[in-house]
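In what follows, every chain begins at residue 1, and chains take the letters A, B, ... in the order their sequences are listed. Side chains included, hydrogens not; waters and symmetry mates left out as well; all remaining heavy atoms used. Note that this is a predicted model, so its numbers are computed, not measured.
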Amino acid sequence: MRLDSALTLQASLLSGFGSKAGLSAQSAREGGAARRTADLASIPPELAIGISRREGDDYQLAVRVQRRALLDSERLKAILDAASGEADVRYLGRVEKLQADPKSRHRPLAGGISVGHHAITAGTLGCFVQSPEGLAILSNNHVLADENRAQHGDSIIQPGSLDGGSLPGDVVATLGQYVRLQSGAVNRLDAALAPLLDGFAPDYGAMLEGGTLHPTPVSPEDALGLEVIKLGRTTGHTRGLVSAFNVNRLGVAYDTAESMIFDGQIEIEPLDSSADFSDGGDSGSLILTADERRPVGLLFAGGDQGGVDGGPITYANPIQEVLDTLHATLYI
Amino acid sequence: MSTVSINQARRAQASLQKRVGKHPEINGIGIGRCDGGYVLSVNITQEGARKTLPEEVEGVPVTVRVRGPIHKRQAA
């Protein structure tokens, strides 16, 4: 539908006017009269109505639902009828205020918060995945497996020890499968899984800032030039630009090796040159496209100001390669 | 506007990597974008390494930036 039609329909719905029969997208286009109905008289706060672009000048209602039960409700059906089906409905889960501190203890768990093997300082819980070992946390090897030094089954705490997490009270998962870091060979991934203990299952796609994830990752090639976002333990929510992909022969300093070489990495520059896209403690953050929140990469390394003309830089493993290698799928 | 295709860029990347990939002051050879086309994006750790890099490889432009050291992003 046209933008003005979408705006008219949205205003009618939000003011409690409209009807299945009386205010369709067609009648909205024609500026048709609205009629109050019981179905739409009160829209609950867990159901938000906005407008999104389908393509070109074609717009649709953007319906965002925070309570699962509303997906099958008469209210939602009435809204879809009023829009003649021209609506994009997404279940978000509970949306929290942005001020939540990623370094705090969080129950339920969420993507974007402090986590780590009990022997390390802290990194970031990227997201949740379904794995052969069950529902698990996805982060880096150096966050969950302490650069190969940890044992399968070791305790993973939230928050990480630097943020006050300790054994045994803050254990939420145990180390599962991970990709070994190799100092004498070329690496492609710094990734690990930690299956959650009973009772710590998150909501689908749960991120600290709220909002859901798009289920389909973007290939590194298609991500080149796109604006991206991440939510991390140290710098929180930041924006960047994918400046290169398939970055090969990249040397990264670790505790256990002065330089480990990586191939196939995604490079991200900060969108705002005054702020880094990431800093120490953001390792493990999931990087998403800014517009559709499609997964792009798993943040693992970066450099601060110090280059003559380079500025700060961040590197990430391609997320689809991470998932394929660990035989995992996104829990969204 | 550059008309370099992705396949050209990939071939040029492999070629450049073969030539200079083991240079100790080159840290990362990737594919970037500039003026609507693909370029080779090379990061170096010392200004001196710039002179070892060509302006283009097989018709693909090479952009060079001096960057600081790269570390894992674990909390210090």
Side-chain angles (χ1 to χ4, degrees), chain A residues 103 114 116 120-124 140-143 147 160 162-163 190 220-221 224-225 232-234 242-255 259-260 262-263 265-267 278-285 299-315, chain B residues 1-2 4-53 57 60-76:
Chain A
K103 296 176 189 169
S114 171
I120 76 142
T121 52
T124 296
N140 298 131
N141 173 322
H142 75 262
V143 172
E147 299 182 30
L162 189 65
D163 300 323
D190 179 348
E221 184 178 327
L224 181 63
R233 172 261 181 202
T234 305
V242 177
S243 49
F245 76 100
N246 199 37
V247 177
N248 294 340
R249 314 305 300 177
L250 174 71
V252 180
Y254 282 83
D255 291 348
S259 181
M260 299 226 207
F262 284 80
D263 274 4
Q265 303 308 304
I266 298 168
E267 181 183 276
S278 69
D279 205 344
D282 288 330
S283 266
S285 301
L299 194 158
F300 81 109
D304 304 326
Q305 297 282 4
V308 173
D309 56 359
I313 199 79
T314 296
Y315 290 97
Chain B
M1 178 182 284
S2 165
V4 174
S5 71
I6 184 64
N7 288 335
Q8 262 181 286
R10 284 186 187 278
R11 281 194 296 272
Q13 183 189 23
S15 174
L16 183 63
Q17 199 174 311
K18 212 169 177 181
R19 280 159 60 184
V20 300
K22 298 223 160 118
H23 192 294
E25 292 170 356
I26 289 175
N27 195 27
I29 301 173
I31 297 174
R33 198 179 263 284
C34 190
D35 295 333
Y38 293 101
V39 298
L40 295 185
S41 171
V42 182
N43 294 332
I44 58 178
T45 57
Q46 300 292 330
E47 184 62 39
R50 197 183 291 269
K51 62 178 183 295
T52 66
L53 292 161
V57 177
V60 182
V62 176
T63 62
V64 182
R65 289 191 174 168
V66 184
R67 304 224 186 247
I70 306 300
H71 299 273
K72 64 173 181 171
R73 281 294 203 202
Q74 182 182 321

**Message:** One thing to verify: whether B/Arg73 and A/Asp279 come together as a salt bridge, which I'm taking to mean a side-chain N less than 4.0 angstrom from a carboxylate O.
**Reply:** yes
**Item:** A/Glu267 and B/Arg67 ion-paired at < 4.0 Å
**Value:** yes
Greatest number of heavy atom pairs closer than 4.5 Å to chain B - which of [options]:
options	value
A/Gly302, A/Ala253, A/Ala122	A/Gly302
A/Asn246, A/Asp263, A/Asp255	A/Asn246
A/Asn248, A/Val252, A/Thr121	A/Asn248
A/Gly123, A/Ser243, A/Gly225, A/Ser278	A/Ser278

Please classify the contact between [X] and chain A as side chain, backbone, both or neither, with a heavy-atom cut-off of under 4.5 Å.
X	result
B/Gln17	side chain
B/Leu40	neither
B/Gln13	side chain

Return yes if some donor-acceptor pair links the side-chain N/O of [X] with the main-chain N/O of [Y] below 3.5 Å, else return no.
X	Y	value
A/Ser114	A/Arg233	no
B/Lys18	B/Ser15	no
A/Asn140	A/Gly284	yes

Portion of [X] that has a non-hydrogen atom of chain B nearer than 4.5 angstrom:
X	answer
A/Thr234	neither
A/Leu299	side chain
A/Val143	neither
A/Asp163	neither
A/Gln265	neither

Which side-chain N or O atoms in residues 19-27 of chain B pair as donor and acceptor under 3.5 Å with protein atoms at least two apart or in another chain?
{"unit_1": "B/His23", "atom_1": "ND1", "unit_2": "B/Glu25", "atom_2": "N", "d": "3.0"}
{"unit_1": "B/Asn27", "atom_1": "OD1", "unit_2": "A/Gly251", "atom_2": "N", "d": "2.4"}
{"unit_1": "B/Asn27", "atom_1": "ND2", "unit_2": "A/Gly251", "atom_2": "O", "d": "3.2"}

**Prompt:** Any side-chain heavy atom of B/Val60 within less than 4.5 Å of one from B/Leu16?
**Reply:** no
**Message:** Measuring only between side-chain heavy atoms, which start at C-beta, is B/Ile44 closer than 4.5 Å to B/Leu53?
**Reply:** yes
**Item:** Partner chain A: residue of B/Lys72, B/Arg10, B/His71 with the largest heavy-atom pair count (under 4.5 Å)
**Value:** B/Lys72
**Item:** By ring-ring contact (aromatic ring centres under 6.0 Å, His included) - contacts of A/Phe262 (at least two apart)
**Value:** A/Phe300
